[in-house]
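Heavy atoms only: backbone and side chains are in, while hydrogens, waters and symmetry mates are out. So that the names make sense, note that chain A is the first sequence line, chain B the second, and so on, each numbered from 1.
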Number of protein chains: 2
Amino acid sequence: MEQHYQLLRKHIEEICVLTDEEWDVVAQRFTYKSLKKHQFLIQKDQLVPCEYWIIKGLTKAYAIDSNGKEHILQFAMEQYWTSDFNAFQNKVPATIIIDCIEDSEFFCLKWEDREYLCHEIPKLNHFFRIKSHYGYIALQQRILSLLTETAEERYNNLIKKMPKLIQRVPKKLLAAYLGVTRETLSRF
Amino acid sequence: MEQHYQLLRKHIEEICVLTDEEWDVVAQRFTYKSLKKHQFLIQKDQLVPCEYWIIKGLTKAYAIDSNGKEHILQFAMEQYWTSDFNAFQNKVPATIIIDCIEDSEFFCLKWEDREYLCHEIPKLNHFFRIKSHYGYIALQQRILSLLTETAEERYNNLIKKMPKLIQRVPKKLLAAYLGVTRETLSRF
DNA sequence: ATTTTAGTGTGAGGTAGATCACACTTTTGG
DNA sequence: CCAAAAGTGTGATCTACCTCACACTAAAAT
């Protein structure tokens with residue numbers, strides 16, 4: 001477990017270096033959680049108390065449309081943050097679902113604890129601001145890719161950009177992320 | 001001009017209330033800029049020194065694909081922030097273009113000044129963190145809408161969600177935002 | 001005031017990708 | 001170890017949306 005905490009510290013310190021005292025305050029606020037493949041991290045219509053940092057494993061965040069089809073918003077693996085950020089931030093019931101593609105372990109941070117840390121440790125406020133900003137930029141890129149590229153181009157770019165992910169995710173889920181059917185993807 | 005500053009203060013104070021002293025420090029860091037319709041706020045391949053808060057007017061942020069077609073990432077009007085946030089944050093040349101759909105006025109905030117304010121005034125750090133977070137959530141919604149809805153549904157939802165915007169933007173630009181051709185949009 | 005230029009509507013035909021159906025393989029769980 | 005479930009490939013057909021073409025209107029520009 002201690003080495004998991006060290007990983008999280010390292011992750012945060014890629015953006016801002018903490019003193020040992022600061023780190024102690026931070027580490028105290030995270031709790032550990034472990035789930036098996038297929039178990040839910042977040043279920044629809046439930047409140048979302050935490051955001052989650054992935055120690056190990058792989059999750060998908062998705063919505064189900066009126067025809068029962070799954071559309072994937074995010075794959076998250078080691079060192080990624082995931083949650084229904086809207087539900088988490090605004091304390092409303094979840095509109096997206098997150099479950100585990102592999103057995104997974106998480107560090108969980110409650111909303112109150114995040115706000116406490118941001119308030120007490122300016123560096124953490126900075127950290128989350130920068131993280132949010134990078135997240136925003138990544139989503140902009142994804143929107144542009146949905147607007148400008150064909151499904152096949154999106155698939156090829158995903159392979160280039162996240163080769164490790166491709167190995168771990170069944171193609172039918174990649175299709176649900178790229179916005180095509182699995183049949184179409186299999187013809188590329 | 002003074003009333004423009006008051007608007008900006010009010011905008012910031014929707015998230016965190018400032019003392020008069022804090023506001024003085026903040027206001028000093030913004031500069032004023034005005035552009036006519038069709039003029040560029042950000043041009044491709046140029047460095048992006050600022051992010052922009054719109055006092056008055058309307059802009060579009062877009063990319064041009066290999067076929068010369070325009071794809072719109074964001075419309076921004078009064079009280080919105082706009083920039084090529086990737087270029088701005090990482091000090092790399094712009095990959096998107098922003099120009100004015102109407103005559104527009106801006107408050108400009110340089111990267112160094114934003115970091116200065118975030119560092120000196122924790123409330124501003126908080127403000128930008130929350131803003132980024134909301135931005136992230138809005139883009140997630142847009143991705144879901146691109147993945148799950150037909151073009152016609154996206155159009156109808158846009159009309160519901162931003163009726164004021166529709167009045168001010170030619171339909172061919174709405175089409176470029178929704179990811180359809182103007183011909184298809186005109187048949188809905 | 002009149003000539004460009006930008007915006008819009010609509011027909012005809014083409015295409016990327018969806019849908020449905022079935023066969024086959026791999027993984028999972030008891 | 002075997003049955004059930006999940007994942008994958010491929011053919012046949014269908015459709016939402018694209019492309020190209022042209023006509024008309026509204027708004028800028030000189």
Residue B:V180, side-chain heavy atoms: nucleotide from C:dG9, D:dC17, C:dG17 that is nearest: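 Of all the options, the side chain of B:V180 is nearest to D:dC17.
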Angle by which the axis turns from one end of the helix from C:dA1-D:dT30 to C:dG30-D:dC1 to the other, five pairs per end, to 10 degrees: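 End-to-end axis angle for the helix from C:dA1-D:dT30 to C:dG30-D:dC1: 60°, rounded to 10°.
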Roughly, in whole Å, what's the span from [atom1] in [X] to [atom2] in [N]?
{"X": "A:D65", "N": "C:dA18", "atom1": "CG", "atom2": "P", "value": "12 Å"}
{"X": "B:L173", "N": "C:dA6", "atom1": "CG", "atom2": "P", "value": "12 Å"}
{"X": "B:K171", "N": "C:dT8", "atom1": "NZ", "atom2": "C1'", "value": "8 Å"}
{"X": "B:E70", "N": "C:dG7", "atom1": "CD", "atom2": "P", "value": "9 Å"}
{"X": "B:K36", "N": "D:dA28", "atom1": "NZ", "atom2": "P", "value": "13 Å"}
{"X": "B:E153", "N": "D:dA16", "atom1": "CD", "atom2": "P", "value": "11 Å"}
{"X": "A:R168", "N": "D:dG7", "atom1": "CZ", "atom2": "C1'", "value": "18 Å"}
{"X": "A:D103", "N": "C:dG29", "atom1": "CG", "atom2": "P", "value": "9 Å"}

Where do N or O atoms of nucleotides 19-23 of chain C meet protein N or O atoms at under 3.5 Å, pair by pair?
residue: C:dT19; atom: OP2; partner: A:K69; partner atom: NZ; Å: 3.2
residue: C:dT19; atom: O4; partner: A:R187; partner atom: NH2; Å: 3.3
residue: C:dC20; atom: N4; partner: A:E183; partner atom: OE2; Å: 3.3

Position toward the 5' end of DNA chain C (nearest nucleotide), A:E149 or B:L185: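 Per heavy-atom nearest nucleotide, the more 5' residue is B:L185.
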Non-neighbouring partners of B:F127 that pass ring pair (Phe, Tyr, Trp, His ring centres under 6.0 Å), sequence neighbours left out: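 Per chain and number, B:F127 pairs via ring pair (Phe, Tyr, Trp, His ring centres under 6.0 Å) with B:H11.
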Donor-acceptor contacts, no H, no angles, side chain residues 129-140 of chain B, under 3.5 Å, sequence neighbours left out:
residue: B:R129; atom: NE; partner: A:N125; partner atom: OD1; Å: 2.7
residue: B:R129; atom: NH1; partner: A:E115; partner atom: OE2; Å: 3.3
residue: B:R129; atom: NH2; partner: A:E115; partner atom: OE1; Å: 3.0
residue: B:R129; atom: NH2; partner: B:H126; partner atom: ND1; Å: 3.2

Interface residues of residues 37-44 of chain B with DNA chain C (non-hydrogen, below 4.0 angstrom):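 Within this stretch, nothing sits under 4.0 Å of the strand.
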To the nearest 0.5 Å, what is the distance between [atom1] ([X]) and [atom2] ([Y])?
{"X": "B:Q79", "Y": "B:L7", "atom1": "CD", "atom2": "CG", "result": "5.5 Å"}
{"X": "A:T59", "Y": "A:L35", "atom1": "OG1", "atom2": "CG", "result": "10.0 Å"}
{"X": "A:D103", "Y": "A:K37", "atom1": "CG", "atom2": "NZ", "result": "8.0 Å"}
{"X": "A:L146", "Y": "A:Q141", "atom1": "CG", "atom2": "CD", "result": "11.5 Å"}

Steps toward salt bridge (charged side-chain N to carboxylate O under 4.0 Å, His left out) verdict (A:R9, A:D20): CA-CA 10 Å; A:R9 179 169 183 176; A:D20 289 346; 2.9 Å; yes
Cation-pi check, B:R142 onto B:Y177 ring (under 6.0 Å, within 45° of axis):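 Satisfied, under 6.0 Å and within 45°.
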Check residues 65-75 of chain A and write down every donor-acceptor pair under 3.5 Å in which the side-chain atom is one partner and the other belongs to a residue at least two apart or another chain.
residue: A:D65; atom: OD1; partner: A:N67; partner atom: N; Å: 2.8
residue: A:D65; atom: OD1; partner: A:G68; partner atom: N; Å: 3.1
residue: A:D65; atom: OD1; partner: A:K69; partner atom: N; Å: 2.9
residue: A:D65; atom: OD2; partner: A:H71; partner atom: NE2; Å: 2.8
residue: A:H71; atom: ND1; partner: B:L147; partner atom: O; Å: 3.4
residue: A:Q74; atom: OE1; partner: A:T82; partner atom: OG1; Å: 2.7
residue: A:Q74; atom: NE2; partner: A:W81; partner atom: O; Å: 3.1

Mutual orientation of the aromatic rings belonging to A:Y5 and A:F107 [parallel < 30°, tilted 30-60°, perpendicular > 60°]: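 It falls in the tilted class, 30° to 60°.
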Closest heavy-atom pair and its distance - B:E51, B:F85: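 Residues B:E51 and B:F85, closest heavy atoms: OE1-CE2, 3.3 Å.
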